[in-house]
A.B. asks: 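Got a structure for you, written out below as structure tokens; questions coming shortly.
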Amino acid sequence: MAKKEGFKLIANNKKARHDYFIEETYEAGIALHGTEVKSLRLGQCSIKESFISIDHGEIFIHRMHINPYEKGNIFNKDPLRVRKLLMHKSEIYRMESKAQVKGYTIVPLRVYFKGSLVKVEIGLAKGKKLYDKRQDIAKKDQKREAQRELKMRIR
């Protein structure tokens, strides 16, 4: 049977793109329990404070908050529990070797449904300095001003 290729965004980590230069992105599955999936279908997830670690060849996401499913009662799990990500060993080892370089880290970028599966997009990132952030903000302001000027000229 063919899967539907639907794409539904659940959570987005805007702060990661502001604080880091994203050099590579990977897609990983995530090991969840039934009530967590039901809660994600309702869009109740936050990855703002979450981070990713690699331990003994396995990759985990920490502090990813999934609200308890309101009708799940005793089957609900801890909202902040550590969850295992599902990736190929070769991808994990490649990412781990690159993340050990000074200044690099692994951050979650977004959580989404791909068909009926929950996926996490993670990125190999290098931290930005304060002046890099200021440059990005200045570029966004210039772009916004240019859009305003263009809109005013059209009218």
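Everything numeric in this text was worked out from a predicted model, so none of it was measured. Atoms considered below: every heavy atom in the structure, side chains included; atoms not considered: hydrogens, waters and symmetry mates.
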A.B. asks: So which heavy atom on I66 is nearest to which on C45, and how close?
C.D. replies: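 Scanning both residues completely, I find the closest heavy atoms to be CG1-SG, 4.3 Å.
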A.B. asks: Specify the closest pair of heavy atoms between I59 and M87, including all atoms of both residues, with the distance to one decimal.
C.D. replies: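 Heavy atoms of I59 and M87 come nearest at CD1-SD, 4.1 Å.
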A.B. asks: For G123, is there any backbone N or O sitting under 3.5 Å from a side-chain donor or acceptor partner on T25?
C.D. replies: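 Side chain of T25 to backbone of G123: no pair is present.
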A.B. asks: Given a cutoff of under 4.5 Å between side-chain heavy atoms of I, L, V, M, F, W and Y, with clusters grown through shared members, what are the other residues clustered with I22?
C.D. replies: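 Besides I22, the cluster holds Y20, V107, L109.
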A.B. asks: Taking NZ, NE, NH1 and NH2 as the nitrogens, is one of them in R148 or E145 under 4.0 Å from a carboxylate oxygen of the other?
C.D. replies: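 Yes, charged N to carboxylate O under 4.0 Å.
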A.B. asks: Check the hydrophobic clustering (I, L, V, M, F, W, Y; side-chain heavy atoms under 4.5 Å; chains of links allowed) and say if L40 and Y112 are grouped together.
C.D. replies: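 No, because L40 and Y112 fall into different hydrophobic clusters, even though each may have its own neighbours under 4.5 Å.
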A.B. asks: May I ask whether I92 and L85 are part of the same hydrophobic cluster, defined by side-chain heavy atoms of I, L, V, M, F, W, Y residues being less than 4.5 angstrom apart, directly or through others?
C.D. replies: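 Same cluster.
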A.B. asks: Would the number of heavy atoms belonging to other residues, nucleotides or ligands and lying under 6.0 Å from NZ of K139 be above 12?
C.D. replies: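 12 or below, so no.
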A.B. asks: Could you tell me whether the side chains of S53 and H62 share a donor-acceptor contact shorter than 3.5 Å?
C.D. replies: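 Side chains of S53 and H62: pair found under 3.5 Å.
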A.B. asks: In this structure, would F21 and F51 fall into the same cluster of hydrophobic residues linked by side-chain contacts under 4.5 Å?
C.D. replies: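 Looking at the clustering, F51 is in a separate group from F21.
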A.B. asks: So, do P68 and T35 sit near enough that their side-chain heavy atoms are less than 4.5 Å apart?
C.D. replies: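 No - every pair of side-chain heavy atoms lies 4.5 Å or more apart.
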A.B. asks: Charged N to carboxylate O under 4.0 angstrom, K114 versus E27?
C.D. replies: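 Salt bridge flag = yes for E27 with K114.
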A.B. asks: Closest heavy-atom contact between Y26 and R94?
C.D. replies: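 It is CE2-NH1, 3.9 Å.
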A.B. asks: Check whether any side-chain heavy atom of E24 lies under 4.5 Å from a side-chain heavy atom of M95, and answer yes or no.
C.D. replies: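 Sidechains of M95 and E24: no contact.
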A.B. asks: So how far is it from D136 CG to R17 CZ, rounded to the nearest 0.5 Å?
C.D. replies: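 These two atoms lie 12.0 Å from each other.
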A.B. asks: Could you check whether R81 pairs with E36 (Lys NZ or Arg NE/NH1/NH2 to Asp/Glu carboxylate O, under 4.0 Å)?
C.D. replies: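 E36 and R81: salt-bridged.
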A.B. asks: Indicate, with yes or no, if I47 and F60 share a hydrophobic cluster defined by side-chain heavy-atom contacts under 4.5 Å among Ile, Leu, Val, Met, Phe, Trp and Tyr.
C.D. replies: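 No, separate clusters.
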A.B. asks: Would you mind reporting whether I106 and K98 have side-chain heavy atoms less than 4.5 Å apart?
C.D. replies: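 Of all side-chain heavy-atom pairs linking I106 with K98, none is under 4.5 Å.
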A.B. asks: Side chains of K126 and V101: does their closest heavy-atom pair fall under 4.5 Å?
C.D. replies: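 No - every pair of side-chain heavy atoms lies 4.5 Å or more apart.
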A.B. asks: Quick one: salt bridge (Lys or Arg N to Asp or Glu O under 4.0 Å) partners of K8, sequence neighbours excluded?
C.D. replies: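 Here no residue qualifies.
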A.B. asks: What are the two closest non-hydrogen atoms of F113 and V37, and how far apart are they?
C.D. replies: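 Shortest heavy-atom separation between F113 and V37 comes out as CZ-O, 4.3 Å.
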A.B. asks: Side-chain contact, heavy-atom cut-off 4.5 Å: V111 with L9?
C.D. replies: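 Side chain of V111 against side chain of L9, heavy atoms only: no contact under 4.5 Å found.
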A.B. asks: Does L32 share a hydrophobic cluster with I10, counting links as ILVMFWY side-chain heavy atoms below 4.5 Å and allowing steps through other members?
C.D. replies: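 Same cluster.
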A.B. asks: How about Y104 and L124: do any of their side-chain heavy atoms sit closer than 4.5 Å?
C.D. replies: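 Of all side-chain heavy-atom pairs linking L124 with Y104, at least one is under 4.5 Å.
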A.B. asks: Answer yes when E121 and R110 have at least one side-chain N-carboxylate O distance shorter than 4.0 Å, and no when they do not.
C.D. replies: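 Salt bridge flag = yes for R110 with E121.
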A.B. asks: Under the 3.5 angstrom rule, does the side chain of R83 hit a backbone N or O of M64 as a donor-acceptor pair?
C.D. replies: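 Yes, the answer is positive, given that a donor and an acceptor are paired below the 3.5 Å cut-off.
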A.B. asks: With rounding to the nearest 0.5 Å, note down the distance linking CD in Q44 to OG in S39.
C.D. replies: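 If I round to the nearest 0.5 Å, the distance is 4.0 Å.
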A.B. asks: Can you name the side-chain hydrogen bond (donor to acceptor under 3.5 Å, both in side chains) partners of Y93, sequence neighbours left out?
C.D. replies: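 Residues passing side-chain hydrogen bond (donor to acceptor under 3.5 Å, both in side chains) with Y93: none at all.
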